[in-house]
Amino acid sequence: MSADCIFCKIASDDIPAKKFYEDEEVIAFHDIRPIAPVHFLLVPKLHIGSLAECDQAHQDLLGKMLLLAPKLAAQLGLKGFRTMINTGREGGQEVFHIHIHVFGGGETLPKI
Ligand code: 5GP
Ligand code: ZN
């Protein structure tokens, strides 16, 4: 737990979020500023600043999160989705607690 981290506070229920999945290691909740009809975040309970701070010790956790993405997306009715991990300020990251964005549900997403 990092004292000033908003996602740590969501993980510990200190601030509310539209959480729809939780297990001992991971939570998923809807993004507060969605950029698609469905837009959720997959977040480990463990505070890790970004993907660039991960190492071998996080391999299982990262794998678990990636494998959860399609399961949760399907539960929310998505037939396809896009995942995104912004890393570092130059990568567009604003919240420095690693998270996977999962979004979809509208028109076919534009090619990037
Ligand atoms: P980043 O730019 O770091 O990859 O993405 C951070 C995401 O977290 C943004 O899409 C932003 O809308 C979302 N976010 C920031 N603060 C909160 C919050 O308090 N609650 C929820 N549900 N989402 C948040
Ligand atoms: Zn955190």
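Each ligand, and each atom within it, is numbered from 1 in the order the structure gives. Residues: numbered from 1 along the sequence shown.
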Salt-bridged, D31 to K18, with N to O below 4.0 Å?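 Here D31 does not pair with K18 in a salt bridge, since their nearest N and O are not under 4.0 Å apart.
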Do NZ/NE/NH1/NH2 and the carboxylate oxygens of K45 and E24 come within less than 4.0 Å?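 Judged by the 4.0 Å cut-off on N to carboxylate O distance, K45 and E24 do not form a salt bridge.
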CZ/F20 to CG/L72 distance, rounded to the nearest 0.5 angstrom?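 Here the rounded value is 5.0 Å.
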CG/L76 to NZ/K71 distance, rounded to the nearest 0.5 angstrom?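 Between atom CG of L76 and atom NZ of K71 there are 14.0 Å.
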If you have a sec, work out which protein heavy atom is nearest [atom] and how many Å separate them, to one decimal?
atom	answer
atom 14 (N) of ligand 1	I32 CG2, 3.9 Å
atom 15 (C) of ligand 1	V95 CG2, 4.0 Å
atom 7 (C) of ligand 1	D31 OD2, 3.5 Å
atom 19 (O) of ligand 1	I6 CD1, 3.5 Å

Minimum heavy-atom distance T87-A52, with the two atoms named: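 T87 and A52 have their closest heavy atoms at CG2-N, 3.7 Å.
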Just jot down the ligand 1 atoms closer than 4.0 angstrom to any heavy atom of [X], in number order.
X	result
F29	21 (C), 22 (N)
L41	8 (O)
N86	1 (P), 2 (O), 4 (O)
E94	1 (P), 2 (O), 3 (O)
H30	22 (N)
G92	2 (O)
H101	1 (P), 4 (O), 5 (O), 7 (C), 10 (O)
F7	8 (O)

Test F96 against H47 for side chain to side chain contact (heavy atoms under 4.5 Å, CB included), laying out the working first. CA-CA 9 Å; F96 285 83; H47 180 87; 5.9 Å; no
Apply the test side chain to side chain donor-acceptor pair (under 3.5 Å) to residues H39 and H101: give CA-CA distance (whole Å), side-chain angles for both, the deciding distance (0.1 Å), then the verdict. CA-CA 7 Å; H39 180 182; H101 293 256; 2.9 Å; yes
Main-chain N/O of L51 paired to H58 side chain as donor or acceptor, under 3.5 Å: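 Side chain of H58 to backbone of L51: no pair is present.
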May I ask you to decide if I85's main-chain N or O and Q93's side chain share a donor-acceptor pair within less than 3.5 Å?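 Such a contact is absent between Q93 side chain and I85 backbone.
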Are F40 and F81 an aromatic pair, judged by ring center distance below 6.0 Å?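 No, they do not, as the ring centres are separated by 6.0 Å or more.
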Determine whether the side chain, the backbone, both or neither of H99 has a heavy atom under 4.0 Å from any heavy atom of ligand 1.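 The answer is the side chain of H99.
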When you look for heavy atoms under 4.0 Å from ligand 1, do you find them on the side chain of I35, its backbone, both, or neither?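 None of I35 does.
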Where the Zn ion (ligand 2) is the corner point, what angle links ND1 of H47 with ND1 of H97, to 10°?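 ND1 of H47 and ND1 of H97 make an angle of 110° at the Zn ion (ligand 2), to the nearest 10°.
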With the Zn ion (ligand 2) at the centre, find the angle made by SG from C5 and SG from C8, to 10°.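 Value, to the nearest 10 degrees: 120°.
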